[in-house]
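Before any comments, here is the structure.
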Amino acid sequence: MQPWNDPSFSPASPRVVSSPQGAWIVVDGKKVLNFCSNNYLGLAGDKRISEAAKKAIDKYGVGPGAVRALSGNSELHVELENRFAKFKNAEAALVVQGGYIANLVAIQTLMTKEDYVISDELNHASIIDGIRLAGIKNKFIYKHNDMADLEAKLKEIGAVDKLVMIVTDGVFSMDGDIAPLPQIVELAKKYNAITVVDDAHGEGVLGNGRGIVEHFKLHGQVDVEVGTCSKAFGVMGGVIVGKKEMIDYLRTKARQFLFSTGITIPDAAALIEVINIMEESDERVKKLWENGKYLKEEFKKAGFDTGVSETPITPVMIGDETKSIEFSKALFEEGVFATPIKFPMVMKGKARIRVMPSAAHTKEDLDIGIAAFVKIGKKLGVI
Ligand SMILES: *Cc1c(COP(=O)(O)O)cnc(C)c1O
């Protein structure tokens, strides 16, 4: 039987957005408060960024025409990478088509089947897929953020003349907690391993917008820093920064770079403008944190459990899967768009509504959202 004809299969039907991204968006024809995008800084839909993209389209067109290794390496791609490296205080940067691809690039290109990888149990799917794609035989999983367990795995591997890679998310997106990167780096040094951090949810958020390495002041000590341009940066694409030799190696060898076309001209131009905006002021980053803090305080006051988040990500714990779906539906009826996060994204019985504040929300917006949560929380017996 074709898998799509399997009676147990039911097709997904994501809601349809018909407005620019922002604090309020039009979803399935209804104007709702947006509590579930990764547009942390409100830059997706920003006019200044659209203008930069339009200007670039007028000058160069849209499509890059070929893979970058052949004739598709626009001067905007090069400028963007130089700007990224400078912005992140790193030697060099490589921009690829997405954060997902960036993890495949970093893991598949640097590792051979005989090498060793040690991965946090809650790492993102794209890290898991990168490890699978690399065909690594020696795969170790350590307990979430558990440094004793990580060290035990390093000891178990012992001294080998192969590469040992420790890989972790920077910010864990389901709970909003941060990887203990200084301790990971210390252990990596002690046991001669290399470190890869996927900072998709820290990019534009931590370290004054410059990410987790800036947050912990670990410049030059993390081997491979992976990020995305599709969340706080508001456009799309993935970025890898690190030592020049490492980036040159990826640019020369990565199959995703050699055999797949890069981001489009307007993407590159838009991202250069994002970096301009971020370098001018950290006002948006500050506003994002302020909004995250306010949300957590108000939810807690109302009696909700907001978990262990250390970042603006604000999970509202529900527990039961069905109840989380019901909660989200009721919110939508109240004009608040917040999606349920449930198994397999999080463990069974740990379902939640994950609220994602952004710098675009005003205090009034947040109050509207909080009031809806309180109303439905009482109705469904969550508080
Ligand atoms: C979102 C995310 C990605 C994927 O990024 P895209 O740019 O959307 O491909 C990778 N890793 C983590 C941890 C993420 O949260």
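Whatever order the structure lists them in is the order used to number ligands and atoms, beginning at 1. Because the structure is predicted, anything quoted here is derived from the model rather than measured.
Arg15 has its side chain out of reach of Lys30: every pair of non-hydrogen atoms, C-beta onward, lies at least 4.5 Å apart.
Applying the ring-ring contact (aromatic ring centres under 6.0 Å, His included) test to residues at least two apart or on different chains, the pairs with a partner in residues 64-113 are Phe84-Phe233. For the side chain to side chain donor-acceptor pair (under 3.5 Å) condition, the pairs that include at least one residue of residues 242-269, sequence neighbours left out, are Glu81-Arg251, Gln97-Ser260, Gln108-Gln256, Lys244-Asp248, Thr264-Asp267.
Note that CE of Met278 is 11.5 Å distant from CZ of Arg83, once rounded to the nearest 0.5 Å.
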Next item on the list: Report the C-alpha distance between Glu280 and Arg48 in whole Å, list the side-chain angles of each, state the deciding distance to 0.1 Å, and finish with yes or no for salt bridge (Lys or Arg N to Asp or Glu O under 4.0 Å).
Entry: CA-CA 13 Å; Glu280 272 166 29; Arg48 199 175 141 183; 2.9 Å; yes
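Val355 belongs to a hydrophobic cluster whose other members, connected by ILVMFWY side-chain contacts under 4.5 Å either directly or through intermediates, are Trp24, Leu33, Phe35, Tyr294, Leu295, Phe299, Phe304, Val316, Ile318, Phe327, Leu331, Val336, Ile353, Leu366, Ile368, Ile370, Phe373, Val374, Ile376, Leu380, Val382, Ile383.
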What are the distances between nitrogen or oxygen atoms of ligand 1 and protein nitrogen or oxygen atoms, counting only those under 3.5 Å?
{"from": "ligand 1", "atom 1": "7 (O)", "to": "Gly99", "atom 2": "N", "distance (Å)": "2.8"}
{"from": "ligand 1", "atom 1": "7 (O)", "to": "Thr228", "atom 2": "OG1", "distance (Å)": "2.6"}
{"from": "ligand 1", "atom 1": "7 (O)", "to": "Ser230", "atom 2": "OG", "distance (Å)": "2.9"}
{"from": "ligand 1", "atom 1": "8 (O)", "to": "Ser230", "atom 2": "OG", "distance (Å)": "3.3"}
{"from": "ligand 1", "atom 1": "9 (O)", "to": "Gly99", "atom 2": "N", "distance (Å)": "3.1"}
{"from": "ligand 1", "atom 1": "9 (O)", "to": "Tyr100", "atom 2": "N", "distance (Å)": "2.9"}
{"from": "ligand 1", "atom 1": "11 (N)", "to": "His124", "atom 2": "ND1", "distance (Å)": "3.3"}
{"from": "ligand 1", "atom 1": "11 (N)", "to": "Asp198", "atom 2": "OD2", "distance (Å)": "2.6"}
{"from": "ligand 1", "atom 1": "15 (O)", "to": "His201", "atom 2": "NE2", "distance (Å)": "3.0"}
{"from": "ligand 1", "atom 1": "15 (O)", "to": "Lys231", "atom 2": "NZ", "distance (Å)": "2.6"}

